[in-house]
Amino acid sequence: MHAKLVVLGGGPGGYAAAFMAADLGMEVTLVEADPRLGGTCLLRGCIPSKALLHVAKVVSEAREMIDWGIEFSEPKISVDALRARKEKVIATLSGGLKQLASRRKVQVITAKAFFENSTTLRLEPTGEGGAIEKLTFDHCILATGSTPTKIPAFDIGSSRVIDSTGALELVDIPESLLVVGGGYIGLEMGSVYAELGTQVTVVELTDGLLPGADRDLVKPLHQRLNKHFKSIMLSTKVVSLVEKDNAVEVTFQDADGSNERTERFSRVLVSVGRRPTSQGIGLENTKVKIDKRGFVETDDQQRTADPHILAIGDVAGEPMLAHKASHQGKVAAEALHGGPAHFAPHAIPAVVFTDPEIAWAGLTEEQAKRENRQVEVVKYPWAASGRAQALGRTEGMTKFLIDPETDRVLGIGLVGAGAGELVAEGVLAIEMGCTARDIAESIHPHPTLSETLAFGSEAYLGIATEIYRPRSDKNNH
Ligand code: FAD
């Protein structure tokens, strides 16, 4: 078999690349080990987690209606029905991808691929029947994604110790759950289980949740999770896990090695990051270069050191996010088609879909400090937003990082209900080189949380009427 273009991996990076290439008139073969298309994001990541987080949010909002004088009885949860509904969402979307591939005449091969050299893949069928075959190609777009990081000491061969894939399977609603790792996946999954009735404990080695996010954005989330989770242990490490009497006995120590103690949990979710799928697929038989962290090195057209191979998505570097993967997929397809595409974003949004949500894009305060950059930070508290008051969710905040010389928006950060939707306006502003005045003078609908972006820009200019801020000379710009 020979293909002009092979895309290896059918996740959001791979299928975007394959579909874009087909739309540009190329003949495309897509190789994916899983019989369903969609990759980590659709099958065991973004989509199932958001489906379950939706359920968690409805449960918690129903409970909080008591503050408005409305009391619902405790929810009765059928875990089988919930799991089936989540599977239906996946099946619908995955079926849709299959149809989109077929309409574009993208040939899909269900097989595990291994590079024999720079232009040959060995294919081991993972679907029904078939024999091992060789597939030669002119070009390959590598989109093999990532898998959960494993800690050998926690690999005790117990079904009670799970990763994010296991947590999303929703085998049951355990009485207690320890989430090892305070990153976004751990907090999202912890939030789901906490709302379904599990006593959730989070343990994080560093001194804060969501390392990398600005601390002022994390604070309102931490305060709310303190109420919903049984406990959050910071600067604490897990020393060992032992399965005992239908539970996992976990030994903890403070980060400095002192204060050893044990506690039992029905299940333990190990969520300590993800590693790129660049090992075990034969890349050593090509000219592709891999960095110290296992990411495939590429240029801004996603070309690797091997002229036949491009790489996109999680396997090609941080941030490991679906929208970055699909964007790179389109760049790679266009580059192969001879187009001028480059992957050079000013802002890649990151969203933590907890309640409240946290979202940011462009420059962060932590990054500005690290790089010693002069920026002005303006914060707009949601307590001053009529919509936030009407929703009873006033803990939110919208902030901008602005270049004081040019008034250009360099970064945006949000915490609050629906922050993940609101950040998109900030992304557009950063990409378009908008100034604070551009946002302030764009009329935002009232009463919406999107107004907090306009009000924040007005606060920077000293012309905000919704809060009291002295007039600023920036108003003369
Ligand atoms: P993947 O989606 O990982 O796809 C790679 C595909 O390649 C897989 O289907 C795999 O089977 C296939 N493959 C690998 N090796 C081979 C081989 N040798 N032969 C054949 N096929 C192979 N991102 C967001 O942006 N937003 C979110 O809300 C979000 N939530 C997440 C929640 C969870 C629980 C997890 C785990 C991840 C989440 N992510 C989220 C991250 C997101 O899923 C990834 O960034 C995204 O899937 C990366 O896309 P990709 O195409 O690079 O790789």
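Predicted model, so just to flag it, every value in this text is computed and none were measured. Read the numbers this way: they start at 1 and go in the same order the structure lists the ligands and their atoms.
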Original post:
Is the ring centre of His327 less than 6.0 Å from the ring centre of Phe343?
Top reply: yes

Original post:
Going by the order shown, which atoms of ligand 1 are within less than 4.0 Å of some heavy atom of Ser146?
Top reply: 3 (O)

**OP:** Please state whether Arg274 comes within less than 4.0 angstrom of ligand 1, counting heavy atoms only.
**Re:** yes

Original post:
Is there a donor-acceptor contact under 3.5 Å linking the side chains of Thr144 and Thr277?
Top reply: no

Original post:
So which heavy atom in the protein is nearest atom 33 (C) of ligand 1, and how far is it from that ligand atom?
Top reply: Gly45 CA, 3.3 Å

**OP:** Could you tell me the residue and atom name of the protein heavy atom closest to atom 5 (C) of ligand 1, and the distance to it rounded to 0.1 Å?
**Re:** Ala143 O, 3.3 Å

Original post:
If you count the atoms of ligand 1 from 1 in the order shown, which ones are under 4.0 Å from a heavy atom of Gly13?
Top reply: 51 (O)

Subject >> Salt-bridge present (Arg85, Glu87; N to O < 4.0 Å) >> reply: no

Subject >> Donor on one side chain, acceptor on other, Thr136 and His2, under 3.5 Å >> reply: yes

Original post:
Between Arg44 and Glu169, is there a side-chain N and carboxylate O pair less than 4.0 Å apart?
Top reply: no

**OP:** Any atoms of ligand 1 less than 4.0 Å from a non-hydrogen atom of Gly9? List them with their elements.
**Re:** 6 (C), 7 (O), 12 (C)

Original post:
Counting from 1, what ligand 1 atoms have a heavy atom of Ala111 closer than 4.0 Å?
Top reply: 19 (N), 20 (C)

**OP:** Identify the protein heavy atom lying closest to atom 6 (C) of ligand 1, giving its residue, its atom name and the separation to 0.1 Å.
**Re:** Glu32 OE1, 3.4 Å

Subject >> Distance-only side-chain donor-acceptor flag, Thr206 / Glu204, under 3.5 Å >> reply: yes

Original post:
Which protein non-hydrogen atom lies closest to atom 42 (C) of ligand 1, naming both residue and atom, and how far is it?
Top reply: Cys46 SG, 3.8 Å

**OP:** Ignoring angles and geometry beyond distance, decide whether Thr40 reaches within less than 3.5 Å of ligand 1 through its nitrogen or oxygen atoms.
**Re:** yes

Subject >> Basic-acidic side-chain contact under 4.0 Å: Lys50, Glu188 >> reply: yes

**OP:** List the closest protein heavy-atom neighbour of atom 53 (O) of ligand 1: residue, atom name, distance to the nearest 0.1 Å.
**Re:** Gly145 CA, 3.1 Å

Subject >> Per-atom contacts of ligand 1 with Phe353, taking only distances under 4.0 Å to non-hydrogen atoms >> reply: 28 (O)

Subject >> Electrostatic pair Glu133:Arg122 at N-O distance under 4.0 angstrom >> reply: no

Subject >> Candidates Ile141, Asp138, Leu30 - the one meeting side-chain contact (heavy atoms from CB on, under 4.5 Å) with Leu5 >> reply: Ile141

Original post:
Relative to ligand 1, is Ala322 under 4.0 angstrom through side chain, backbone, both or neither, heavy atoms considered?
Top reply: both

Original post:
With distance as the sole test, does Glu357 use its side chain to make a donor-acceptor pair with the main-chain N or O of Val352 at under 3.5 Å?
Top reply: no

Original post:
Atoms of ligand 1 less than 4.0 Å from Gly313 heavy atoms?
Top reply: 52 (O)

Original post:
Nearest non-hydrogen atom to atom 14 (C) of ligand 1 belongs to which of Leu30, Thr144, Ile185, Leu321?
Top reply: Thr144

**OP:** Write out the residue and atom name of the closest protein heavy atom to atom 17 (C) of ligand 1, then the distance separating them to 0.1 Å.
**Re:** Ala113 N, 3.7 Å

**OP:** Could you tell me the residue and atom name of the protein heavy atom closest to atom 21 (N) of ligand 1, and the distance to it rounded to 0.1 Å?
**Re:** Ala33 N, 3.1 Å

Original post:
Looking at Asp216 and Lys219, does any basic side-chain N land under 4.0 Å from a carboxylate oxygen?
Top reply: no

Original post:
Is the closest basic N to carboxylate O distance between Arg370 and Glu366 below 4.0 Å?
Top reply: no

Original post:
Do Ser176 and Gln199 have a side chain donor and acceptor closer than 3.5 Å?
Top reply: no

**OP:** Using distance alone, decide if ligand 1 has a nitrogen or oxygen within less than 3.5 Å of any nitrogen or oxygen in Tyr184.
**Re:** yes

Original post:
Going by the atom numbers of ligand 1, which of them fall below 4.0 Å from some non-hydrogen atom of Ile281?
Top reply: 18 (N)

Subject >> The one among Pro12, Gly280, Ala17 that brings a heavy atom closest to atom 46 (C) of ligand 1 >> reply: Pro12

Original post:
Which protein non-hydrogen atom lies closest to atom 44 (C) of ligand 1, naming both residue and atom, and how far is it?
Top reply: Asp314 OD2, 3.3 Å

Original post:
Looking only at N/O atoms, are Asp34 and ligand 1 under 3.5 Å apart anywhere?
Top reply: no

Original post:
Looking only at heavy atoms, is any part of Lys50 under 4.0 Å from ligand 1, and if so is it the side chain, the backbone, or both, or is it neither?
Top reply: side chain

Subject >> Per-atom contacts, ligand 1 versus Leu8 - under 4.0 Å to a heavy atom >> reply: 19 (N), 20 (C)

**OP:** Taking only Lys NZ, Arg NE, NH1 and NH2, and the carboxylate oxygens of Asp or Glu, determine whether Glu263 and Lys230 approach each other closer than 4.0 Å.
**Re:** yes

